[in-house]
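Take a look at the structure below.
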Amino acid sequence: MTSPSRHAAGWADLRDWLDARRRDVDAALERYLPSAPACPPRVGDAMRYSLFAGGKRLRPVLALASAEAVALANGADPGAARDAALPSACALELIHTYSLVHDDLPAMDDDTLRRGRPTNHVVFGEGLAILAGDGLLTEAFALMAREPASDDDAALTGRKLRAVGVVAEAAGACGMVGGQAIDLEAAGSGAAFDGDGLRAMHARKTGALIRASAVAGAVMAGATAAQLSAIERFASELGLAFQIVDDVLDVEGASAELGKTAGKDAAAGKPTYPALFGLDASRRMADECVTRALAALADARLAGQLPGIARWVTSRTN
Ligand code: GRG
């Protein structure tokens, strides 16, 4: 997979940009997330516990990078585009965190380590972990409806509504929930996936939210139809690369660095890219996805931090 050392100066810039955006996202999440007395303290604590446990914030930074890339291509202000996309970016992290909390439950993956900490249900109990996930999911849509305030701005209201639709579809039964259902059913029946089946499952389970992150950011920045289509192609490839790398790291990584139980997929006999294709071919496939992702951007003259984020996804170690 792509080596960071080949792009040393670019990597330093990207790292600074990512650090700044993560700070923006974390500060906004602090502001946006309800706490006592608006919501009962225990469920608020359980939501915060998983949200501020040190995730990479890939989905929100992708939304912000996408908004910025569209603004740069259209001669608009990238900072203003990021501000417009920030609530959607945070909503995507809320939804992603809910999915991890629910995925770790005994009825699903039954895991005890996530983001380097005991999982939500281990700390708060199963009932509260379910409610924390429900709360995170629901707050995401409340946030997107509320922010940025758009009472006197019909165009902004229209973009918000469109972004809500994009995110809801990606999170729902035709997207992430559907992908999780396919995975759950296969695990229960012992059915095997071939390469196409695995790709289709992941396109929903992890790909849909990654795609929606990039598309929602672009929508909030006022992207044209051609730009949206290019961003969607870019993010579809990125989502697949992300998943392949995740499977490779599950084989190669250490639990301490991953922040979750390493080797769990292999031990459970789960269908993964390395299991189907081997490690070398999997790494090659991830690189090929990134090549196609970059081509989609180049076709639409979109760039900003998006190319760097694509390379970061394949070089990550957690
Ligand atoms: C419960 C509806 C429902 C869905 C769960 C996404 C998902 C569906 C389950 C997660 C299972 C999993 C570990 C998938 C591998 C890819 C993935 C989503 C990894 C975690 O995402 P990162 O690496 O995590 O972005 P951080 O903690 O950095 O945010």
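FYI, side chains are in, hydrogens and waters are out, and symmetry mates aren't considered; it's all heavy atoms of this structure. All ligand and atom numbering here is 1-based and tracks the order in the structure. Sequential numbering from 1 along the given sequence is applied to the chain's residues.
- The distance from ligand 1 to the heavy atoms of Gly55 drops below 4.0 Å at these ligand atoms: 26 (P), 27 (O), 28 (O), 29 (O).
- When each of Val251, Val245, Asp247 is tested with Leu249 by the rule side-chain contact (heavy atoms from CB on, under 4.5 Å), just one qualifies, namely Val245.
- Checking Arg57, His202, Arg115 against atom 29 (O) of ligand 1, the nearest heavy atom belongs to Arg115.
- Residue His102 has at least one heavy-atom neighbour below 4.0 Å for each of these atoms of ligand 1: 1 (C).
- Taking the ring centre of Phe277 as origin, the terminal cationic atom of Arg284 falls outside the region bounded by 6.0 Å and 45° from the ring axis.
- Heavy atoms of Lys205 found under 4.0 angstrom from ligand 1 belong to the backbone as well as the side chain.
- If you number the atoms of ligand 1 from 1 as listed, the ones under 4.0 Å from a heavy atom of Gln243 come out as 15 (C), 16 (C).
- Electrostatic pairing of Arg48 and Asp45 does not count as a salt bridge here, judged by no charged N lying under 4.0 Å from a carboxylate O.
- Within the 4.0 Å heavy-atom criterion, the part of Gln180 lying near ligand 1 is the side chain and not the backbone.
- Residue Asp246 has at least one heavy-atom neighbour below 4.0 Å for each of these atoms of ligand 1: 15 (C), 16 (C), 19 (C).
- The heavy atom nearest to atom 11 (C) of ligand 1, out of those in Asp103, Val245, Thr97, is found in Asp103.
- When every heavy atom of Val248 is checked against every heavy atom of Ser282, the shortest pair comes out as CG2-CB, 3.9 Å.
- Heavy-atom minimum distance, Met144 versus Ala91: CG-CB, 3.5 Å.
- The pair Arg283-Asp280 counts as a salt bridge, with a side-chain nitrogen and a carboxylate oxygen less than 4.0 angstrom apart.
- Phe242 carries Arg59 over the face of its six-membered ring, with the cationic atom under 6.0 Å from the centre and within 45° of the normal.
- The shortest N or O to N or O distance between Tyr98 and ligand 1 is not under 3.5 Å.
- Polar contact with ligand 1: present for Lys56 (N/O pair, distance under 3.5 Å).
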